[in-house]
Structure formats: C-alpha cells, structure tokens
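Side-chain atoms are counted along with the backbone in the values below, which use heavy atoms only and exclude waters and symmetry mates. Lettering of chains follows the sequences in order, A, B, ..., and the numbering in each one begins at 1.
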4 protein chains.
Amino acid sequence: MDVQREVKFQRILDAAIEAFAESGFHQCQVNKIARLAGVADGTIYLYFKSKEDILIKVFQDRMGKFIAGMSRELSRCKTTEERLETIVRTHFSYMEENRTIAIVTQLELRQSDRRVRLPINSTVSDYFNLIEGVIKQGIDCGEVPEIDTRIARQMIFGSLDEATTDWVMARSPRTLTSGIKPMLALFEGALRLSEKPKL
Amino acid sequence: MDVQREVKFQRILDAAIEAFAESGFHQCQVNKIARLAGVADGTIYLYFKSKEDILIKVFQDRMGKFIAGMSRELSRCKTTEERLETIVRTHFSYMEENRTIAIVTQLELRQSDRRVRLPINSTVSDYFNLIEGVIKQGIDCGEVPEIDTRIARQMIFGSLDEATTDWVMARSPRTLTSGIKPMLALFEGALRLSEKPKL
Amino acid sequence: MDVQREVKFQRILDAAIEAFAESGFHQCQVNKIARLAGVADGTIYLYFKSKEDILIKVFQDRMGKFIAGMSRELSRCKTTEERLETIVRTHFSYMEENRTIAIVTQLELRQSDRRVRLPINSTVSDYFNLIEGVIKQGIDCGEVPEIDTRIARQMIFGSLDEATTDWVMARSPRTLTSGIKPMLALFEGALRLSEKPKL
Amino acid sequence: MDVQREVKFQRILDAAIEAFAESGFHQCQVNKIARLAGVADGTIYLYFKSKEDILIKVFQDRMGKFIAGMSRELSRCKTTEERLETIVRTHFSYMEENRTIAIVTQLELRQSDRRVRLPINSTVSDYFNLIEGVIKQGIDCGEVPEIDTRIARQMIFGSLDEATTDWVMARSPRTLTSGIKPMLALFEGALRLSEKPKL
DNA sequence: GATGAATGAGCATTCATTCAT
DNA sequence: TATGAATGAATGCTCATTCAT
C-alpha cells in the first residue's frame with residue numbers, strides 16, 4: 001500500500017532530521033537514524049539511495065512544503081509591503097517553530113559536497129524565484145524603483161538566512177520572530193517602499 | 001629561526017587553500033596538502049594540530065588580514081556612506097581577487113563540525129563588530145536612524161555573503177564587483193542614508 | 001501437484017544457470033535468478049535451502065543427467081576403444097552444446113567453499129567411477145595393461161576437464177569437439193590400447 | 001630500505017597463504033592476515049591493492065618461483081623422457097612439500113571472479129609454454145610423433161592438476177609423489193615415447 | 001503455495017595521525 | 001626539525017534469508 005510507504009518514508013525523514021540536528025550529518029551514523037525510525041538499517045536503503053540522499057530528500061521535502069506554503073500565502077497578498085511582510089514572517093516563524101529543521105538547513109546542509117549541493121540548489125532556486133517574483137511585481141506596479149532583482153533577492157534571502165543562522169548558532173535569548181519588524185523596515189527602506197510613489 | 005617557520009606555515013596554508021578549493025575539505029587528504037606544500041605528511045603536524053586546525057587557521061589568517069585591511073580603510077572614511085561603500089567594495093573586491101579563498105570561505109568552511117565552527121566564530125565576530133561599529137557610528141552622527149544594529153549587521157553581512165556564495169557557485173558571468181553599486185544603494189535605502197538628516 | 005513443482009524447480013535451475021554463467025556465482029544475486037525464473041525472491045527458498053544449494057542442485061541435476069546418458073551409451077559399447085571414444089565424445093559434445101552449463105561447471109563450481117564442494121563430490125564420484133569402471137574393464141579384458149586405475153582416471157578426467165576449461169575461458173575459435181580424435185589418440189597411447197595385446 | 005620492504009611483503013604473503021588455506025579466500029578476513037603477519041590492517045594496503053590482489057600476488061610469486069625452478073631443471077635434461085620426468089616429479093614434489101600453497105592453488109584460486117582469473121592466467125601461461133616447449137622439442141627431435149601440442153599440454157597439465165586436487169581434497173593416505181612413476185608411464189605411452197623411434 | 005517488504009549480520013578499506021629514525 | 005612508514009579506528013551498504021500476509 002502506497003500510504004504505508006509514505007508513512008515510513010516520513011518516519012525516516014523525521015528520524016534523520018532529529019539525528020542530523022543532534023550529531024551533525026557526518027557524525028551521525030545511518031544506524032542511528034534507523035534506530036530512531038524504528039526500522040532496520042537495510043530498510044533505509046529501500047527508501048533512500050544513500051546517506052547523502054537522505055539529507056537531500058529532507059531538504060526537498062521540508063523546504064518544498066515551506067515554499068509551497070509561502071507561495072500560497074503570497075497569492076493572497078495585495079501589496080508589495082504585504083508580500084515582504086509575508087516572506088519575513090513566514091521564514092522566521094517556520095524556522096522558530098521547527099528548530100531541528102532549521103539546524104539541518106542552516107548548518108548541516110551547507111555541505112561542500114557537490115553531490116549534495118547540486119540537487120539542493122534546484123529547490124533553493126524555487127525560493128529564489130519566489131522572492132524575485134515579489135520584487136518584479138513590485139517594480140511592475142511602480143511600488144519599487146527599477147532595481148536589479150537578483151541583487152535585491154540576494155539581500156533579502158541573505159539577510160533572512162544570516163539572521164536564522166545567527167539564531168540557530170547563538171541559542172539567542174532573543175527570538176527570531178522578534179526580528180520580523182526591524183528586518184522588514186530595512187527591506188522597505190532598501191526597496192524604497194516607504195517613499196512616496198512617483199505620480 | 002622564526003622567519004623560516006612563518007614561511008613554511010604560509011606555504012602549507014597556501015597549499016591547503018588550493019587543495020580545499022579543488023577537492024573540498026572532506027575529500028582532500030592531508031597527504032595532498034603536504035605534497036602541494038612540498039613537505040612530508042608528518043611535518044604538517046608540526047605546524048597544525050589537525051586537519052580541522054588547518055581549516056581554522058586558513059580562515060583566521062586570511063580573514064584576519066582581510067578584516068585588518070578593511071579596518072584600516074574604514075579609519076580613513078569620513079561619512080557612513082563612505083564607510084558602507086568601503087565595506088561592500090572591499091568585500092567584493094577581495095573575494096573576486098581571491099577566488100580560491102572565496103571557495104574555501106563560502107563553501108568549505110560551512111562545516112557543521114562544532115570543532116571548526118566555534119574557533120571560526122571569534123574571527124567572524126571581529127568582522128561583525130566592524131560592521132556594527134559603522135552602523136553605531138552612523139546612528140551616533142545622526143546619519144542613520146535608531147535601528148537595531150544587530151539586525152542591520154545581519155542584513156549587511158548576510159547580503160554580502162549571499163552575493164559572494166552566488167558568485168562562487170554560479171561561476172556567474174557577471175562579476176562580483178559589478179554588484180557594488182546596486183548593493184550599496186540597497187544598504188543606503190535600508191539605513192535611510194539618502195533621506196534628509198533630521199535637523 | 002508434483003509435476004507443477006518439478007516444472008518450477010527446473011525453471012529456477014535454468015534461470016540460475018543463465019545467471020551464474022553471466023554474472024558469476026558470487027556476483028549474481030538471488031533476486032536476479034528469481035526475476036529470470038519469473039518467481040518471487042521468497043519462492044526460491046521453497047525449492048532450495050540456500051544460494052549455495054542452488055549451485056549444488058544445478059550440478060547434481062545436470063551432471064546427473066549427463067552421467068546417466070554417458071552410462072547408457074557406454075553399456076552399448078563392445079571394446080575399451082569404443083568406450084574411451086564414447087567418454088571423450090560425450091564429454092566434449094555435451095559441453096560444446098551446453099556452453100552456459102560448461103561455464104558454471106568449469107568456473108563457478110570451482111568454489112572453495114566446503115559447503116559446496118562436499119555435496120558436489122559425490123556426483124563427481126559417479127563420473128569417476130564410470131571412468132574407472134571402463135579402465136578396470138579394459139584391464140580385465142586384457143586390452144589394457146595392469147595400471148593404477150585411479151591415476152589413469154585422473155589423467156582421463158583431468159585432460160577432458162582441462163581441455164573444457166581452456167575452451168570455456170579462451171572462447172577459442174577451435175571447437176571443443178575438434179579435439180576428440182587427438183585426445184582419444186593420447187588416451188589410447190597412455191593405456192597402450194594400440195599395442196598388440198600380450199598373448 | 002628495499003630489503004625491509006621485501007621481507008614484510010613475503011611475511012604478508014606467507015600469512016595470506018596460511019589464512020587462505022585455513023579459512024578459504026572468501027571466509028578469510030583481511031584482519032586475520034594482518035594479525036598472522038604481525039602488521040596492522042592498514043599496512044596490508046601499503047603492499048597490496050586489495051584482498052584480491054593478495055591472492056593474485058600469492059600465485060604470481062609462488063608459481064613464478066616454481067616455474068622458474070622447473071625451467072632451470074628442464075634446461076639440464078637431455079631427452080624428452082627426462083624432461084617429462086622432471087615436470088611430473090617437480091610438480092608433485094613441490095605440491096607435496098607445500099601443502100598450504102597447494103590448497104590455495106587448487107582450491108582458493110579457482111575463483112570465478114574475472115579480476116582474479118585474468119592476472120593469474122598470464123602466470124599459468126608461462127607454465128603452459130614450458131610444457132608445450134617440451135612437447136615441441138620432442139617432436140623436433142623425432143622422439144614424439146607429430147601431435148597437437150596444445151592438446152598434449154592439456155593432457156599433461158590436466159592430469160597433474162587433477163591428481164594434485166585429488167590429493168589436496170582427499171587428504172589421501174597415498175602420497176602425491178607415489179604417483180610420479182605411474183603418471184609418467186601414462187604420459188610416455190600417450191606421447192609414444194616408449195615406441196621405437198622411427199628410423 | 002506464493003509473495004516481496006523487511007531484516008541485520010558482516011567487512012574491506014581509507015586516511016588522519018603518530019613516532020622511530 | 002623533518003620524515004614517511006606504519007597504524008587502527010571507524011562505518012556505509014549489500015544482499016541472502018525470513019515471515020506476515
């Protein structure tokens with residue numbers, strides 16, 4: 001039954017996130033993931049090609065859902081301001097609510113190994129496109145001046161990513177979500193959203 | 001003689017940067033670094049505690065010099081605008097001129113291993129302090145409104161970092177330095193530098 | 001129904017011969033045999049105790065039939081010369097006509113594993129007895145001088161076996177059957193068949 | 001020092017022969033060979049590419065020496081009869097005196113794996129050439145009739161090989177060397193050595 | 001009987017590090 | 001100091017076999 005398969009797949013994914021977050025990708029043994037998932041070592045390989053493949057699928061599955069969710073929320077927004085707020089809020093909230101995923105995303109996934117990096121990039125690109133889409137839309141509406149969307153996206157994603165990494169690494173007392181408003185203010189300034197629209 | 005020692009230390013560092021950039025930190029064998037540096041395997045361990053220690057020292061040495069250089073340049077600046085421009089220009093120029101170091105910095109150093117991350121953080125902190133210092137100075141002078149310096153720093157560093165990673169990974173036809181001006185414009189907007197100073 | 005069982009048993013045996021000949025015993029996975037035989041992995045174990053057991057049964061079944069056939073032919077022969085000719089011809093012809101079986105027999109079966117070697121030996125012994133019987137008969141009839149039948153058998157079997165292995169490994173352009181007459185001539189000389197019987 | 005290296009190489013070879021003879025190639029763990037040789041596991045790999053490579057080198061080294069020795073002895077012989085006697089005697093004596101090598105040669109080396117078979121074949125070919133050379137010489141001298149040297153070689157080698165395997169497997173009470181004379185008699189008959197030379 | 005998903009034992013090999021020279 | 005041969009810990013993955021259905 002396909003539902004059974006999906007359930008077990010998710011169980012292994014959950015176990016892997018927990019294991020990676022705790023021990024780090026390289027330190028973590030496949031055997032540990034299996035134990036956490038309550039399956040035999042060999043069973044892992046009925047669902048994943050390799051240990052690297054688990055990491056890749058963790059990202060594709062969780063980030064895929066995250067991006068889909070954000071995309072849905074964005075479609076309900078009217079203005080660029082609302083859209084930016086959605087991006088920052090969704091990003092920070094998701095990470096804060098899913099600390100283990102955040103750890104994997106911000107630390108474990110920054111693997112130099114090409115076999116991991118390449119498959120992950122295509123998922124990351126989806127997020128990039130989402131952000132760049134919001135900027136383009138802003139430019140088209142006249143809410144945002146004609147700027148380089150790629151560089152604007154690098155600023156937005158880079159800022160969110162750096163703030164998240166900071167939070168993950170610092171176990172900062174400050175919450176991540178407390179940064180939503182100030183970060184948003186910076187973005188609005190950068191994109192000149194607060195300035196009077198040109199008549 | 002201490003000069004002799006420093007020369008060999010730097011030779012190993014150079015070899016390591018080349019080796020890490022080419023093969024990746026995990027793939028690269030200590031033996032390869034030794035060969036490139038023209039020393040025996042064992043000699044490495046007269047200069048470094050471990051393979052991880054090489055990575056750490058690579059960062060501390062090169063980033064240390066980079067930060068010192070930037071610090072010197074910043075001390076010559078008069079305005080926040082000049083200082084921001086110095087940060088962006090120095091960051092992008094340095095990375096563009098030192099691609100192998102950029103590869104190590106942006107990809108190989110993003111190791112999850114705590115033994116690597118922690119010692120590196122203190123060097124990174126120096127950079128963070130530099131950036132936050134510029135922001136604080138701007139606030140003190142009234143050039144920049146009262147904002148959260150930590151979040152502003154996350155935005156500035158995150159943006160520069162992300163742009164650099166993009167450039168390293170994409171082997172983008174666009175040069176990194178071509179992004180200096182547009183990125184600076186975003187920062188000035190974010191920090192409301194272009195707005196009239198409140199009287 | 002027992003016929004059904006026998007049919008499936010033979011189907012697995014055929015699949016195994018093909019699989020072993022193609023991939024080699026150790027390389028070949030049970031799962032491949034199952035696929036070739038059109039049954040599930042588990043079904044194999046309703047017919048065979050283990051992978052080794054398949055190899056053993058392949059040999060016992062095919063060699064058993066081969067030996068039975070040769071035995072039948074030998075019973076029709078009148079002279080030692082005819083009997084020797086029957087042995088050489090039957091051996092070479094059978095192998096040439098059943099190349100995959102020859103591959104399994106000459107290469108895959110030469111496994112060092114005791115669990116395989118011992119059960120196979122009893123089947124091989126039947127062949128040895130057949131050959132030694134022919135020699136004894138020759139001695140009894142006075143066609144062959146009083147020689148050590150064991151050593152004579154070693155010579156005859158060893159020669160046929162080596163020629164077959166040569167042919168299997170070399171994919172020699174020369175056919176195996178082209179060696180019947182010259183090999184027979186050697187055997188007749190060795191057993192002094194061509195010499196005048198002692199009065 | 002190169003002598004040191006050769007000594008350790010031979011020590012590992014000796015350990016491997018003992019280990020293979022005792023447990024069989026597949027059963028035997030590299031770790032066991034290392035223990036017997038008194039070196040660390042990793043040291044094995046400074047001398048051999050892989051476990052298979054050990055097996056190959058065992059054969060090439062020991063058989064190489066065996067063939068060289070036989071070649072030397074053969075060069076001292078005057079007649080084909082002497083040469084045949086040398087082959088049979090040397091083959092049987094060597095195997096009887098080196099039972100563990102015989103076990104490895106007759107049982108463990110009959111690996112179906114191509115990676116093992118191919119490199120071994122070239123050494124075996126040397127032996128084949130030696131035997132075929134003796135036959136050719138016999139034909140040239142008129143001592144042996146014009147026969148197919150390849151098939152004659154198959155008979156000689158096959159017979160010796162089979163007798164050796166029999167002895168190795170049977171732990172026969174009969175010694176291998178007791179077969180020298182009867183086997184030689186068969187060869188002489190096969191090659192018509194005992195018959196009057198054609199005038 | 002037949003299935004095939006699940007099991008889990010088993011091991012060659014690498015490579016950072018050491019230390020006798 | 002420098003060397004580089006030797007060390008030995010450490011583990012992902014395969015695949016023959018089982019057993020619930």
* Please work out whether the ring planes of B:His26 and A:His26 are parallel, tilted or perpendicular, with thresholds of 30° and 60°. => tilted
* Length of the line joining B:Lys49:NZ and E:dT18:C1', which is rounded to integer Å -> 17 Å
* Of D:Gln27 and A:Lys8, the one whose closest DNA chain E nucleotide lies more 5' -> A:Lys8
* Select from D:Gly42 and C:Gln29 the residue whose nearest nucleotide in DNA chain F is closer to the 5' end of that strand. => D:Gly42
* Any D:Leu107 side-chain heavy atom under 4.5 Å of D:Met169 side chain -> yes
* Structure fact -> Sorted by position of nearest nucleotide on DNA chain E, 5' first, the leading residue of D:Lys51 and A:Ala40 is A:Ala40
* Where the side chain of D:Arg62 meets the backbone of D:Ile17, is there a donor-acceptor pair that is under 3.5 Å apart? -> no
* Euclidean distance, atom CD1 of residue A:Ile44 to atom C1' of E:dA5 [Å, nearest integer] -> 14 Å
* Whole-Å gap separating P (E:dT13) and CG (B:Asn31) -> 19 Å
* To do: Flag the pair A:Leu109 / A:Phe20 as yes when at least one side-chain heavy-atom distance between them is below 4.5 Å, and no otherwise.
  => no
* Calculate the interatomic distance between A:Asp41 atom CG and E:dA5 atom C1'; express it in whole Å. => 16 Å
* Structure fact -> Between C:Ser50 and B:Val39, whichever has its closest DNA chain F nucleotide further toward 5' is B:Val39
* Structure fact -> From OH of A:Tyr45 across to C1' of F:dC15 the rounded distance in Å is 14 Å
* For A:Tyr47 and E:dA6, is the shortest distance between a side-chain N/O and OP1 or OP2 below 4.0 Å? -> yes
* Asked: To the nearest Å, how far apart are A:Arg35 CZ and E:dT7 P?
  -> 15 Å
* Asked: Hey, is the side chain of B:Arg5 poking within less than 4.0 Å of OP1 or OP2 on F:dT1, counting only N and O atoms?
  -> yes
* Within the side chain of C:Glu108, is there an N or O that forms a donor-acceptor pair under 3.5 Å with the backbone of C:Phe25? -> yes
* Heavy-atom closest contact (C:Ala21 atom, C:Val104 atom, distance) -> N-CG2, 4.0 Å
* Quickly work out the A:Leu46 CG to F:dC15 P distance and round it to whole Å. => 13 Å
* **B:Tyr45 six-ring face occupied by B:Lys51 cation (under 6.0 Å, within 45°)** => no
* Asked: How would DNA chain F look in dot-bracket form, 5' to 3', counting Watson-Crick and G-U wobble pairs with both distances under 3.5 Å and writing | for bases paired to another strand?
  -> .||||||||||||||||||||
* To do: Write down the distance between NZ (C:Lys32) and P (F:dT14), rounded to a whole number of angstrom.
  => 17 Å
